[in-house]
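Here's the structure we're looking at; comments come further down.
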Amino acid sequence: MAKRKTPARPAPAAAKPAPRMAPLWTGYAALALIAGGVYANSLANGFITDDKLQLLGNPLVTDIHHLPQVFGSGVWSFLGYRGNYYRPLQFLLYALLYWVFGPHAPVFHCFMLMLHVANTALVYALARRLLVPLMPGAAWISAAFFAVHPIHTEAVDWIAALPDVLLTTLALAGVLAFVRQNGMPNRLQSAGHCGLYLLALLTKETGVMLLPLYAGYEWIVQGKSIAAMRRNALLYAGMAGAGAIYIVLRIQALGGLAPAQRAFLQLSPAAFAMSAAVIAAGYFARLIWPADLNFFHIFHATTQAGPQLLFALAALGALAWAGVRLRSRWPIASYGIFWMALTIAPALNLTGVGQNVFAERYLYLPSVGFVWLAGMAWTWLKIEAPSAAWPAAAAILLACSVVTVARNADWKDDFTLVQTTLQQSPESGYLHNLMAGVWVERDQFRRALDEQRLAVRYEPRSVVFHQNLGRILLGMDAAAAAREFEIVTRLQPSLAEGHLDLSLAYRAMGDSVRAAYEERRARSLAGNPATAPSNPHPQ
């Protein structure tokens, strides 16, 4: 019997080649181009406001012989005001750039831009570790959003905001290394983390939050128990030791842990708590909708329960509830909320941060957690509406880029920035005082006089504003100048400068007796650190 032939099977179709993935470096290159591109026009800006004092007028920066004093000085020590800020790394970097390149603003702005580009790359690297396994594309979207977010313009455009940008670099580098080490660094790596922690503290007070950021990663993302986290006891003990070194240096430099606490604001405990809640909700709102960007937000204390406070408490409660609920299902989202809340917390020390209570630069580091959440939201959109995901991302990134580029131009010089800000905050004595200084630089003394009178009108108890008004008047009306200096000596009797100014006014009036008396009074007070005027700067 003939054997039946089995029909030949058709040859299997050739498998389609898998789509080629773009090299990793292209993602970083694209982000660098975006981050650098949106801030390219900032390179034409000059030194503004505090830059001229902290950098150009600071002997710790301009005179190499004063370098050893950097670690023994506060931010405003060179003006005779101790304050609450101890940031020696800021002045060390200023001095290095000044000695190498000189007092050229484009160099300093270029350095700020490079730090922002580096931070964007670090956000991408860390997001790839945290988000990529479950959410392809989310890491890049997160970093791109960080690169163009308009809330960052104050931090990147203002050279005096270097501590905010540099601290973000150190925090991202530390957490990224900790994540790569799977939350279990060896002894040598732990020593590196301790050194990084000390650098973060020497950069800005918010650096203290780096330790809880590590612990939060272990507890929230890795899901470790407290017992398991004790395996890093050596690391956390070493970081605590670095913190102790910092505290010793800080107290020696400032004369106390926070000697200028309540220097600007005097709030009752209830008003402090209510105001802090409203400010915190405002920070989160600015991350979501960065409209009406403002260099100087006028602070109005919340002294009683009202709709604003109730809305703020509801929003903060919802955010806290989400952080707790998401820990088991989406730990990265929970960690993002934790990151935001933790790094905003130091800015809620309303009676210690300075005159400018709400400042956009304080959101530079917290925004890292926010952009993770934005990247995760984009992933959800990509699943639910794939055709809309990339167009939506492109539209948001483009809109943010346009706002950022336009805002950079506002930081061109003092005149442009203060004029723009006065339109938003016309009742700020600080801004009118700045504007008066701008007019003095331009030899427009009548305009300076008008602005300085407004500064005194809105802040009648400011020693510095009365002092500046008296100095403008001295060449116009000696009697009027004397009245302003008399107010200065009443507000701060121990201020040697006030008595010296008053003696000049009396002498211009022809009253040599009172002039001689005030001169003797000024000499007796000279050299006393307590006689320095109150710090007029908001940082």
Side-chain angles (χ1 to χ4, degrees), residues 47 49-105 107-108 110-112 114-115 158-167 169-171 173-174 191-208 210 238-260 263 352 354 496-497 526-537 539:
F47 294 112
T49 63
D50 290 349
D51 299 342
K52 297 177 180 178
L53 289 172
Q54 292 181 345
L55 205 161
L56 301 181
N58 187 353
L60 297 176
V61 172
T62 59
D63 188 346
I64 192 171
H65 299 98
H66 288 102
L67 183 61
Q69 301 174 23
V70 167
F71 285 93
S73 304
V75 167
W76 297 111
S77 294
F78 68 98
L79 293 179
Y81 176 78
R82 284 177 171 171
N84 285 341
Y85 302 128
Y86 176 62
R87 301 166 184 178
L89 204 57
Q90 174 186 10
F91 290 157
L92 284 176
L93 285 174
Y94 281 171
L96 177 62
L97 291 171
Y98 188 92
W99 296 336
V100 175
F101 299 104
H104 302 296
V107 171
F108 290 87
C110 183
F111 182 67
M112 298 294 289
M114 290 168 60
L115 279 178
W158 194 16
I159 297 168
L162 172 62
D164 296 273
V165 182
L166 180 59
L167 175 61
T169 308
L170 296 173
H193 285 292
C194 294
L196 191 71
Y197 188 46
L198 182 58
L199 289 177
L201 290 168
L202 294 173
T203 300
K204 191 177 179 183
E205 292 75 12
T206 312
V208 71
L210 186 57
M239 293 177 78
I245 294 172
Y246 163 76
I247 288 174
V248 171
L249 292 173
R250 178 182 176 87
I251 291 175
Q252 288 182 341
L254 302 182
L257 198 59
E497 273 186 73
N528 181 3
T531 67
S534 299
N535 179 28
H537 308 284
Q539 191 176 13

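All values below come from the heavy atoms of this structure, side chains included, with hydrogens, waters and symmetry mates left out.
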N/O donor-acceptor pairs under 3.5 Å from side chains in residues 253-260, not counting sequence neighbours:
none

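Note that CZ of F91 and CZ of F78 are 5.5 Å apart. Values are rounded to the nearest 0.5 Å. Taken from OG1 in T169 to CG in L196, the straight-line distance is 10.5 Å, to the nearest 0.5 Å. The structure places OH of Y94 at 7.0 Å from CD1 of I159, a figure rounded to the nearest 0.5 Å. Expressed to the nearest 0.5 Å, how far CG of D51 lies from CD of Q54 amounts to 7.5 Å. Separating the CH2 atom in W76 from the CG atom in N58 is a distance of 9.0 Å, to the nearest 0.5 Å. Between atom CG of residue L166 and atom CG of residue L199 there is a gap of 8.5 Å, rounded to the nearest 0.5 Å.
By the side chain to side chain donor-acceptor pair (under 3.5 Å) test, T203 is found to be paired with no residue, residues two or more places apart in sequence or in another chain being considered. For L92, the side-chain contact (heavy atoms from CB on, under 4.5 Å) test picks out L67, V70, F71, L89, with sequence neighbours left out. For A242, the side-chain contact (heavy atoms from CB on, under 4.5 Å) partners two or more places apart in sequence, or in a different chain, are Y197, L198. Shown here are the side-chain contact (heavy atoms from CB on, under 4.5 Å) partners of H66, two or more places apart in sequence or in another chain: P59, L60, D63, Q69. For S77, the side-chain contact (heavy atoms from CB on, under 4.5 Å) partners two or more places apart in sequence, or in a different chain, are S73. In this structure, Y98 has no ring pair (Phe, Tyr, Trp, His ring centres under 6.0 Å) partners at least two apart in sequence or on a different chain.
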> Can you check side-chain contact (heavy atoms from CB on, under 4.5 Å) on L115 and L162, steps first, answer last?
Replying inline: CA-CA 9 Å; L115 279 178; L162 172 62; 3.5 Å; yes
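Considering every non-hydrogen atom in both L210 and A200, the closest pair reads CD2-CB, 4.4 Å. Of all the heavy atoms in Y86 and V75, the pair that sits closest is N-CG2, 4.5 Å. Shown here for P103 and L56, the closest heavy-atom pair between the two residues is CB-CD2, 3.8 Å. Heavy atoms only, all atoms of each residue included: F47 and L55 are closest at CE2-CD1, 3.9 Å. Residues M112 and V165 come closest through the heavy atom pair CE-CG2, 3.9 Å.
Pairs of residues two or more places apart, or lying in two chains, that qualify as salt bridge (charged side-chain N to carboxylate O under 4.0 Å, His left out) and include a residue from residues 194-208 are R87-E205, D164-K204, E205-R250. Residue pairs that meet the salt bridge (charged side-chain N to carboxylate O under 4.0 Å, His left out) test with at least one member in residues 64-74, sequence neighbours left out, do not exist here.
The main-chain N or O of A160 is never found under 3.5 Å from a side-chain atom of D50 such that the two would form a donor-acceptor pair.
Counting heavy atoms from C-beta outward, V208 and Y246 have side chains that stay 4.5 Å or more apart.
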